[in-house]
Amino acid sequence: MLLVQPAYAQRVEKPNTADSSRLRQHLLALIGTPQPRNYQHPASLAQAADYIRRELQAAGARSTDQPYAVQGQTYRNLIGSFGPETGPRLIIGAHYDVCGEQPGADDNGTGVAALLELARLLGQQPSLPYRIDLVAYTLEEPPFFRTQQMGSYVHAQALHTAGVPVRGMVALEMLGYYDDRKHSQRYPFGPLKFIFGSRGNYVTVAQKFGNGRFGRQFARQYKATAALPVKRFKAPAWLPGIDFSDHLNYWQFGFSAVLLTDTAFYRNQHYHQPTDTLNRLDMHRLGLAVDAVLATVLHL
């Protein structure tokens with residue numbers, strides 16, 4: 001029997017495209033801390049932060065830390081800027097902490113690996129038409145989720161307070177888990193499977209109703225550009241899962257923001273479990289997701 005592989009399985013890495021080996025290298029560094037990178041192990045969280053900063057600097061970013069204190073401990077967002085110093089900017093972010101005692105390869109090692117590979121690719125561009133800030137957030141996970149101690153809340157609030165013009169924000173949240181089998185994809189509302197299908201083989205661009213021009217433009221361009229299946233999902237902000245990442249804090253300050261994800265626990269049954277490991281991830285499709293982000297932000 002001849003098995004026909006999907007086009008993304010035939011991926012050949014080219015210059016100016018994401019490198020699967022580099023994505024794997026980043027994931028190994030993130031999951032390889034002495035203890036899980038969470039608020040209960042600040043030394044491991046700091047080790048991950050130091051790695052992220054070095055990689056941003058190596059990519060040619062203007063690198064800054066955004067420290068803040070929680071319960072007597074200092075935590076850091078890491079920011080890498082590309083393009084003009086002034087003018088409207090696009091924020092692309094991913095949290096680097098994990099929930100509990102688990103490696104967090106998909107959640108959210110893949111988001112951070114994608115962020116760092118995107119940094120390398122942006123650093124290769126001869127020029128950018130607007131500023132792009134790549135931000136690695138701390139304290140996204142419980143017990144800080146939906147509090148003002150989230151790194152993304154601190155960052156979004158600082159932009160709002162300073163009156164910084166923001167074109168939009170993209171949250172990279174779990175981008176490496178795919179399952180081509182039927183019924184591998186679940187939804188917050190069962191009938192959605194008849195619209196989006198039952199196979200967990202796609203990336204979703206999720207946003208709330210009334211999210212503004214940037215959200216529409218990003219979702220449309222990303223779907224048109226990507227070499228893997230993309231589903232555009234728009235729903236009320238109260239629908240479970242629609243705001244389960246750092247983009248929710250940008251909504252709070254009036255910025256247009258979207259979530260780019262493999263749908264997390266609606267697909268990946270290893271979410272927040274010790275089994276969220278590197279061997280379960282698809283580096284090729286993670287690379288394709290990164291390539292589409294680059295192509296989209298260069299054409300917005």
Legend entry - Heavy atoms from other residues, nucleotides or ligands near CZ of Arg24 exceed 12 (cutoff 6.0 Å): no
Inset, instruction - Only counting residues at least two apart or in another chain, list the ones meeting side-chain contact (heavy atoms from CB on, under 4.5 Å) with Pro103. - result: Ile31, Thr277
Inset, instruction - May I ask you to establish whether Lys231 and Phe196 are in a cation-pi arrangement, using a distance under 6.0 Å from NZ or CZ to the six-membered ring centre and at most 45° from the ring axis? - result: no
Inset, instruction - Salt-bridge test for Asp180 and Arg285: reply yes if a basic N is under 4.0 Å from a carboxylate O, no otherwise. - result: yes
Legend entry - From Tyr177, Phe244, Tyr266, Phe265, residue fulfilling ring-ring contact (aromatic ring centres under 6.0 Å, His included) relative to Tyr271: Phe265
Legend entry - Ring centres under 6.0 angstrom apart (Phe253, Tyr153): yes
Inset, instruction - Using atom types as modelled and distance alone, determine if a side-chain donor or acceptor of Thr147 lies under 3.5 Å from a backbone N or O of Gln149. - result: yes
Legend entry - Check: Asp179 main-chain N/O paired with Asn201 side-chain donor or acceptor under 3.5 Å: no
Legend entry - Main-chain N/O of Ala94 paired to Asp246 side chain as donor or acceptor, under 3.5 Å: no
Legend entry - Backbone N/O of Asp19 and side chain of Glu117: donor-acceptor pair under 3.5 Å: yes
Inset, instruction - Considering non-hydrogen atoms only, spot the tightest contact between Arg89 and Asp133 and give its length. - result: NH1-OD2, 3.1 Å
Legend entry - Closest contact, heavy atoms only, Thr263 versus Thr204: CG2-OG1, 3.5 Å
Legend entry - side chain to side chain donor-acceptor pair (under 3.5 Å) between Arg267 and Gln185, worked out: CA-CA 5 Å; Arg267 178 186 307 169; Gln185 182 68 48; 2.7 Å; yes
Legend entry - Ala257 to Asn211 - nearest heavy-atom pair and separation: O-ND2, 2.9 Å
Inset, instruction - Keeping the roles fixed (side chain from Ser256, backbone from Gly215), state whether a donor-acceptor pair exists under 3.5 Å. - result: yes
Inset, instruction - Please answer whether the main-chain N or O of Glu85 pairs with a side-chain N or O of Arg131 as donor and acceptor at a distance below 3.5 Å. - result: yes
Inset, instruction - Please report the closest heavy-atom contact between Gly104 and Arg37, naming both atoms and the distance. - result: O-NH2, 2.9 Å
Legend entry - Under-4.0 Å salt bridge between Asp50 and Arg76: yes
Legend entry - side-chain contact (heavy atoms from CB on, under 4.5 Å) assessment of Gln102 paired with Gln273: CA-CA 6 Å; Gln102 49 104 7; Gln273 299 299 318; 6.0 Å; no
Legend entry - Pairs where residues 95-149 contributes a residue and the test ring pair (Phe, Tyr, Trp, His ring centres under 6.0 Å) is met, not counting sequence neighbours: Tyr39-Phe144
Inset, instruction - For Ala235, enumerate each residue passing the side-chain contact (heavy atoms from CB on, under 4.5 Å) test, keeping only those at least two apart in sequence or located in another chain. - result: Phe233, Leu239, Ile242
Inset, instruction - Measure from the side-chain N and O atoms of Arg186 to the backbone N and O of Lys193, and report whether any donor-acceptor pair falls under 3.5 Å. - result: no
Legend entry - Exam field: side chain Ser44 to backbone Gln35, donor-acceptor pair closer than 3.5 Å: yes
Legend entry - Salt-bridge present (Asp65, Arg53; N to O < 4.0 Å): yes
Inset, instruction - Return yes when atom CD of Gln71 has more than 12 non-hydrogen atoms of other residues, nucleotides or ligands closer than 6.0 Å, and no otherwise. - result: no
Inset, instruction - Would you check if the side chain of Asn77 reaches a backbone N or O of Thr138 as a donor-acceptor pair within less than 3.5 Å? - result: yes
Inset, instruction - Look at the rings of His26 and Tyr51 and say which category their plane angle falls in: under 30° parallel, 30 to 60° tilted, over 60° perpendicular. - result: perpendicular
All N/O donor-acceptor pairs, side-chain side in residues 155-165, below 3.5 Å, sequence neighbours left out:
residue : atom : partner : partner atom : Å
His155  : ND1  : Tyr250  : OH           : 2.6
Thr161  : OG1  : Gln157  : O            : 2.9

Inset, instruction - Cation-pi check, Arg167 to Phe218: give yes when NZ or CZ is under 6.0 Å from the six-membered ring centre and within 45° of the ring axis, no otherwise. - result: no
Inset, instruction - Report, as yes or no, whether the 6.0 Å neighbourhood of atom CZ on Phe209 holds more than 12 heavy atoms from other residues, nucleotides or ligands. - result: yes
Legend entry - Listed partners of Arg213 passing side-chain hydrogen bond (donor to acceptor under 3.5 Å, both in side chains), at least two apart: none
Inset, instruction - State whether the side chain of Asp106 and the backbone N or O of Asp276 hold a donor-acceptor pair below 3.5 Å, judged by distance alone. - result: no
Inset, instruction - Tell me, please, which residues at least two apart from Gln221 pass side-chain contact (heavy atoms from CB on, under 4.5 Å). - result: Thr225, Thr296, His299
Inset, instruction - Would you name the heavy atoms of Leu30 and Gly109 that are closest together and state the gap between them? - result: CD1-O, 3.8 Å
